[in-house]
Number of protein chains: 2
Amino acid sequence: MKELLRTKGFKSTPQRELIFDCFFSLGKHVSVDELYQKVRELDPSVGHSTVWRNLKLICQLGLAEEVNIGDGITRYDRTTPKPHGHFFCRNCKKLLEFDVGSVMGALVEAAHEFEFEPDGYKIEVQGYCSDCRQDDRTNDVATRSANDERKA
Amino acid sequence: MKELLRTKGFKSTPQRELIFDCFFSLGKHVSVDELYQKVRELDPSVGHSTVWRNLKLICQLGLAEEVNIGDGITRYDRTTPKPHGHFFCRNCKKLLEFDVGSVMGALVEAAHEFEFEPDGYKIEVQGYCSDCRQDDRTNDVATRSANDERKA
DNA sequence: TTGAAAATGAAAGTCGTTTTCAATTGGCGA
DNA sequence: TCGCCAATTGAAAACGACTTTCATTTTCAA
């Protein structure tokens, strides 16, 4: 890692190494705060902004990319050799990955038609995972009474 | 529109009608502020929060849905009979729509394998549109001093 | 008409993200 | 190895989009 940083012109610092290590030791889809907590376990002196900046750096280095599922929290996903999509459970907030190889062809083709030069794909499918499926869901209704439930 | 609101248990107010009208008269992918500006042109007394709340209401009624392209701004897209994806130009921020009929099958199948019950799809392809394509782009580089090398 | 409930507008609050700035540190050249 | 200078750090504040609060106004069913 130290090597990669040097060759790219960045300095290696203890904080940076720690943050990088923590990021890669954690699972995927890490938020800044999740990473921050992890880092603090090992070195409570590391600052919030340092974690944030290094997470950005990890993205700049092409080692991860942002994932935005629309809940206001940016997560960071290690880049993988093959692109993948996400199933996002509206209930338990779980994020599952699935292979999108079968849809890439169609996407690339569509892009070609638009003379669009793609360099990133975000395929997010929202719904309910196997644990949270139910038939009498009440949280996507447009009626007044459902509003009140929601607030609770 | 007044009818729809009533039947769903919501009241009809001048502000609400105006906001709804403006939303549907504007193109797609409207942000709260864009809608707010439009509304203010016709009635400067309407408040920011009223616009925001009614945009949420439009979503609750199933007439629109949020689109998140990761730039921190939530846009609202009229729901259309057929699902569509977006091409988001990193340079000019343009948002183009494309038909995703050809990929839906694969997505639904993948969801089925995961026992996932989908109810929303977000297919965002990022890159550069035909107007912004160029070969010597310099805004996605990960190297500090290697910028120069790469261009040469 | 009238009152309960909903909607409004201004302002303030929330919260994740980003920047500022002074102090510290890494690492290249001498 | 040493010293310099730019990169990095940490605390705090700034930022900005989103959301809530609350007093007031308005809608609409009875």
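Predicted, not measured: the structure shown is a model, and the values here were computed from it. Throughout, protein chains are lettered first and strands after them, A, B, ... in sequence-line order, and every chain is numbered starting at 1.
- With sequence neighbours excluded, the residues that form a side-chain hydrogen bond (donor to acceptor under 3.5 Å, both in side chains) with A:Asp77 are A:His84, A:His86.
- For the pair B:Tyr76/B:Leu35, no side-chain contact is recorded, criterion being any heavy-atom separation below 4.5 Å from C-beta on.
- For A:Asp71, the side-chain hydrogen bond (donor to acceptor under 3.5 Å, both in side chains) partners at least two apart in sequence or on another chain are A:Arg75.
- Terminal axes of the helix from C:dT1-D:dA30 to C:dA30-D:dT1 (five pairs each, C1' rotation axis) are separated by 30°, to the nearest 10°.
- B:Asp33 is linked by a side chain to side chain contact (heavy atoms under 4.5 Å, CB included) to B:Ser31, B:Tyr36, B:His48, counting only residues two or more places apart in sequence or in another chain.
- Distance B:Tyr36 OH to C:dA10 P: 7 Å, rounded to the nearest Å.
- Identified under the ring-ring contact (aromatic ring centres under 6.0 Å, His included) test for residues 89-113 of chain B, with sequence neighbours left out: B:Phe87-B:Phe98.
- Applying a 4.0 Å cut-off to non-hydrogen atoms, the residues of residues 37-46 of chain A that approach DNA chain D are A:Ser45, A:Val46, listed by residue number.
- The hydrophobic cluster containing B:Ile69, built from Ile/Leu/Val/Met/Phe/Trp/Tyr side-chain heavy atoms closer than 4.5 Å, also comprises B:Val67, B:Phe88, B:Leu95.
- Put simply, CD on A:Glu34 is 11 Å from P on C:dT17, counting in whole angstrom units.
- Residue A:Leu35 contributes atom CG, which lies 15 Å from atom P of C:dG16 at whole-angstrom precision.
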- What string of B, S and - do you get for nucleotides 20-30 of chain D 5' to 3' if you count protein non-hydrogen atoms under 4.0 Å? BB-----BS--

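- Taking A:Asp131 as the reference, A:Lys94 meet the salt bridge (charged side-chain N to carboxylate O under 4.0 Å, His left out) condition, with sequence neighbours excluded.
- In this structure, NZ of A:Lys8 is placed 17 Å from P of C:dG27, rounded to the nearest angstrom.
- Using a 4.0 Å heavy-atom criterion, one finds that B:Thr74 contacts the sugar-phosphate atoms exclusively.
- Rounded to an integer number of Å, the gap from B:Asp71 CG to D:dG16 P is 14 Å.
- Set against D:dA17, C:dT8, D:dT8, the side chain of B:Arg16 has C:dT8 as its closest nucleotide.
- Among residues at least two apart or in separate chains, there is no salt bridge (charged side-chain N to carboxylate O under 4.0 Å, His left out) pair with a member in residues 100-109 of chain A.
- Listed by chain and residue number, B:Glu17 satisfy the side-chain hydrogen bond (donor to acceptor under 3.5 Å, both in side chains) test with B:Ser12 (two or more places apart in sequence, or in another chain).
- Residue pairs meeting the salt bridge (charged side-chain N to carboxylate O under 4.0 Å, His left out) criterion with at least one member in residues 38-64 of chain B, sequence neighbours excluded: B:Lys56-B:Glu66.
- Between A:Ile19 atom CD1 and D:dG10 atom P the separation is 7 Å, expressed in whole Å.
- Linking Ile, Leu, Val, Met, Phe, Trp and Tyr whenever their side-chain heavy atoms come within less than 4.5 Å puts B:Met104 and B:Val125 in one cluster.
- Between the CG atom of A:Leu5 and the P atom of C:dC28 there is a distance of 13 Å, rounded to whole Å.
- Note: CD1 (A:Ile73) to C1' (D:dA17) measures 15 Å, nearest angstrom.
- One finds no side-chain N or O of A:Asn54 lying less than 4.0 angstrom from the OP1 or OP2 phosphate oxygen of D:dT8.
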